[in-house]
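Below: one structure, written as structure tokens.
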Amino acid sequence: MFKKLNKKKNQPNASNNELDLHNVPNHIAIIMDGNGRWAKQRKLPRIKGHYQGMQTIKKITKEASDLGIKYLTLYAFSTENWTRPKNEVNYIMNLPVNFLKTFLPELIENNVKVETIGFLNDLPTATLEAINKAKEQTKANTGLKLIFAINYGGRAEIVHSVKSIYEKLSSEGLSSDHITEQLINEHLMTHDYPDPDLLIRTSGEQRISNFLIWQVSYSEFIFNEKFWPDFDKEELINCIKIYQSRQRRFGGL
Ligand code: FPP
């Protein structure tokens, strides 16, 4: 029998299911898309959309922490985003400074640990300082790991990993027989984290856009229609319910 589909979202309507708090995804990764369109719809400059997107990060971090999610990885800035207009790039680069100035005490209070993946050395000094300060001040926290992907790209990450494997093997005089999935994993920027169980992309776009391309091999994908600034607790819970209605087989039966 066919499952009843919610036509608009083209996925099973799980909103009537109960949320199972014992089966929340361990790791949720989010492509926060639609800030620009949210602003355009309101005849506002694009940067207003990014500002509002930052407010959504605060709300969703809190919800994820309350739900007992262990890892939340957010795609904040890709290695390709530098091609955007300079004022937009500057504004986005300043958001972590603003975000952490206003939200760091709450992150500390809620036992959230701030971490990052990406090529941080290319970031402006003030951005890097704010991020390093947040990492330092939350390093002993044991709750949700809030991982910002900043100046991150999946292909660049794999190139970086392959280079460091090459250096290791050649310095130790080892052959390519030593290259395994595990070794590649260990050289990725995500080596400390489990793979995402659930990948959410907002704004209705259905692409992966170079995000965690190795790590999402067996993740469940949910494409949510809301623009990121409008994504909220209800949408997050609905995504988790849809996730809970899926059967994960990891290539088996
Ligand atoms: C996608 O929307 C959003 C981004 C490229 C930037 C998202 C960044 C933040 C919300 C801030 C990051 C902040 C911290 C604290 C690290 P879009 O501009 O591509 O939207 P569009 O597709 O509608 O144009």
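All figures in this text were calculated on a predicted structure; none of them were measured in a lab. In each ligand, atom 1 is the first atom listed, and ligand 1 is the first ligand listed. Sequence positions, counted from 1, serve as the residue numbers for this chain.
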Quiz prompt | Contact check: N35 vs ligand 1, nitrogen or oxygen atoms, below 3.5 angstrom | solution = yes
Exercise. Identify, by atom number and element, the atoms of ligand 1 in contact range of N81, meaning under 4.0 Å from any of its heavy atoms.
Key: 5 (C)
Exercise. Below 4.0 angstrom from a heavy atom of F148, which ligand 1 atoms are there? Numbered from 1 as shown, please.
Key: 16 (C)
Quiz item: Do the side-chain N and O atoms of S219 and D195 include a donor-acceptor pair separated by under 3.5 angstrom?
Solution: no
Quiz prompt | Heavy-atom nearest neighbour in the protein, as seen from atom 4 (C) of ligand 1, with distance rounded to 0.1 Å | solution = H50 CE1, 3.9 Å
Quiz item: Around E234, counting heavy atoms of other residues, nucleotides and ligands shown, do more than 12 lie under 6.0 Å from its CD?
Solution: no
Quiz item: Which of these, M93, R37, R84, has its nearest heavy atom closest to atom 19 (O) of ligand 1?
Solution: R84
Quiz item: Any chance NE2 of H160 has more than 12 other-residue heavy atoms, nucleotides or ligands included, within less than 6.0 Å?
Solution: no
Quiz item: Just checking, any donor-acceptor pair under 3.5 angstrom between side chains of D20 and Q244?
Solution: no
Quiz item: What protein heavy atom sits nearest atom 1 (C) of ligand 1, and how far off is it?
Solution: M32 O, 3.1 Å
Show me the donor-acceptor pairs within less than 3.5 Å that the side chains of residues 64-74 make with the rest of the protein, sequence neighbours left out.
unit_1	atom_1	unit_2	atom_2	d
D66	OD2	K62	NZ	3.3
T73	OG1	H27	NE2	2.7

Self-check item: Pick from S209, A76, S203: the one approaching atom 12 (C) of ligand 1 most closely through a non-hydrogen atom
Solution: A76
Quiz prompt | Geometric class of the Y152/Y75 ring pair [parallel <30°, tilted 30-60°, perpendicular >60°] | solution = perpendicular
Exercise. Check ligand 1 against P96 and write out every atom of the ligand that is under 4.0 Å from a heavy-atom position of the residue.
Key: 15 (C), 16 (C)
Quiz item: Does CZ in F119 sit with more than 12 non-hydrogen atoms of other residues, nucleotides or ligands closer than 6.0 Å?
Solution: yes
Practice problem: Classify the contact between R46 and ligand 1 as side chain, backbone, both or neither, using a heavy-atom distance cut-off of under 4.0 Å. | Solution: side chain
Quiz item: Where's the contact between L74 and ligand 1, heavy-atom distance under 4.0 Å: side chain, backbone, both or neither?
Solution: neither
Practice problem: Would you mind checking which non-hydrogen protein atom is closest to atom 11 (C) of ligand 1, with the distance to 0.1 Å? | Solution: L95 CD1, 3.4 Å
Practice problem: Using a strict 4.0 Å threshold on nitrogen-to-oxygen distance, state whether K133 and E136 make a salt bridge. | Solution: no
Quiz prompt | Element-labelled atoms of ligand 1 that are located less than 4.0 Å from some non-hydrogen atom of F99 | solution = 15 (C)
Quiz item: Mind checking whether G36 has an N or O less than 3.5 Å away from an N or O of ligand 1?
Solution: yes
Quiz item: Does the distance from a Lys or Arg side-chain N to an Asp or Glu carboxylate O, for E172 and K168, drop under 4.0 Å?
Solution: yes
